[in-house]
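Have a look at the structure below, then the notes.
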Amino acid sequence: MDAVDALNEIAFWLERELAPTFKVQAFRKAAGIIGGLDPAEVAARARTGRLKSMKGIGDRTFEVIRQAVDGGVPDYLEGLRERGQQPLAAGGTELHSALRGDLHSHSDWSDGGSPIELMADAARTLGREYLALTDHSPSLKIANGLSAERLTEQLDIVADINNDDGGGNFRLLAGIEVDILEDGTLDQSPDMLDRLDVVVASVHSKLRSDRRTMTARMLGAISDPQMNVLGHCTGRLVQGSRGTRPQSEFDAERVFAACAERGVAVEINSRPERQDPPDELIRLALDAGCLFSIDSDAHAPGQLDFLQYGAERAASNGVPAERIVTTWPLDRLLEWTGRGK
Ligand SMILES: [Zn+2]
Ligand SMILES: [Zn+2]
């Protein structure tokens, strides 16, 4: 087995089960190190044990590489593959299999942990027909948000990945998770947004604003015709290493009515620590006639599989597949985002 593939696949399975970042990064880093070497040299160094003395190769990564160059599937990977056969979520299986794509993901260009190419490869492997790359916008400095210049550069890389797809039917969509600023405007120029396939807009600051302020802020963004998806609308955190955070206060009836009127999809954010919106708001949005987008908000390749959690929540709240834009074929999706021409 190819040692780089083995290390990356191990990282994938660990990310999927939310293993600590340092643990995952050891495998990603080792893959990067030996990926830059001649495979014959890697094999020779693995057999003699010399690889062990390289910076960034530890006992466990060495053992994985050694077993891979010996031609087998490393034991550690074998165990993870077995565990990975278990679905992440018990319900929503039918809806999950109807999902074609994912409109929210991050690369190491903002606060994700992996290069764009690895995110695209993993999405392809998971059978997605499309994945939107939605790195953060400039005002989110803590997450290394992209300036217009960096986003322009990123567009070329996205185009290259699509050109190199080798006749497959996977498409990496150019996108953004743009901040909804305090005045309700979007944190990127209209010209720049116009060059993208998908615009997800989210609130990331002043989450404790009073109800009137937050409602006005969200309505302002939703009235912008370039917005397609309202990301993690309450901002709550229900578990995980970042602790918990209550949901933002806003007039959900007015916000969802505006989404329905404008054709903006309400995101069902699949991250286990977010589970956003809460059940009662999913049902409110459903009654308001909203569209939905089940997104992973993946910050690493293995997290792309989180869609299982989102599908389970959508199904348990009675959201029909037809109302979920990520079950739509790509041409219909792009027609809806207004970028299909
Ligand atoms: Zn976000
Ligand atoms: Zn995000």
Side-chain angles (χ1 to χ4, degrees), residues 15 18 21 101-114 116 119-120 122-123 128 130-146 150-151 154 158 172-182 184 186-188 193 196-209 214 217-218 221-222 227-248 250 255 259 264-278 281 292-307 309-310 325-326:
E15 287 156 358
L18 277 173
T21 309
D102 184 346
L103 299 185
H104 189 164
S105 71
H106 300 275
S107 73
D108 59 5
W109 282 54
S110 66
D111 61 348
S114 285
I116 301 169
M119 296 298 290
R128 308 273 182 270
Y130 49 86
L131 169 70
L133 175 65
T134 55
D135 277 315
H136 289 287
S137 63
S139 76
L140 209 59
K141 294 196 174 63
I142 191 169
N144 197 20
L146 273 59
R150 287 179 71 220
L151 183 53
Q154 192 181 64
V158 170
L172 184 64
L173 300 173
I176 188 171
E177 181 180 14
V178 65
D179 260 54
I180 299 175
L181 298 172
E182 282 176 56
L186 302 181
D187 182 33
Q188 191 46 276
L193 294 178
L196 305 174
D197 296 313
V198 179
V199 174
V200 176
S202 317
V203 171
H204 289 113
S205 60
K206 297 257 168 87
L207 293 166
R208 302 267 54 81
S209 299
M214 186 59 93
R217 182 176 177 184
M218 294 170 83
I222 294 161
M227 173 172 169
N228 303 126
V229 178
L230 174 61
H232 50 69
C233 65
T234 79
R236 74 172 183 171
L237 293 176
V238 294
Q239 62 181 54
S241 58
R242 286 194 284 165
T244 60
R245 185 164 66 203
Q247 62 194 71
S248 298
F250 59 91
V255 165
C259 285
V264 167
V266 173
E267 176 180 75
I268 296 178
N269 189 294
S270 304
R271 294 194 64 83
E273 79 277 22
R274 286 196 180 275
Q275 302 179 33
D276 201 2
L281 289 191
F292 294 87
S293 180
I294 298 181
D295 297 334
S296 68
D297 196 359
H299 286 63
Q303 298 176 0
L304 289 165
D305 215 12
F306 286 171
L307 291 190
Y309 294 124
V325 298
T326 42

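Whatever order the structure lists ligands and atoms in, that order sets their numbers, starting from 1. Computed from a prediction, not measured in an experiment: that's the story for all the values here.
Distance alone, capped at 3.5 Å, is enough to place a donor-acceptor pair between the His106 side chain and the Thr134 backbone.
Of all non-hydrogen atoms in Pro277 and Glu267, the two that sit nearest each other are CD-O, 3.1 Å.
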**Message:** What verdict does the side-chain hydrogen bond (donor to acceptor under 3.5 Å, both in side chains) test give for Asp297 and Asn269, after you've listed the backbone C-alpha separation in whole Å, the side-chain angles of each residue and the deciding distance to 0.1 Å?
**Reply:** CA-CA 7 Å; Asp297 196 359; Asn269 189 294; 3.1 Å; yes
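Applying the side chain to side chain contact (heavy atoms under 4.5 Å, CB included) test between Ile176 and each of Asp187, Leu196, Leu186 identifies Leu196 as the sole match. Each of His232, Glu177, Arg271 was compared with His104 under the side chain to side chain donor-acceptor pair (under 3.5 Å) criterion, and only Glu177 meets it.
Here the angle at the Zn ion (ligand 2) defined by OE1 in Glu177 and NE2 in His104 stands at 90°, rounded to 10 degrees.
At a cut-off of 2.8 Å, His136 is not counted among the residues with an N, O or S atom near the Zn ion (ligand 1). Among the atoms of His106, an N, O or S atom falls under 2.8 Å from the Zn ion (ligand 2).
For Asp297, the N, O or S atom with the smallest separation from the Zn ion (ligand 2) is OD1. When distances from the Zn ion (ligand 1) to the N, O or S atoms of His204 are compared, NE2 comes out shortest.
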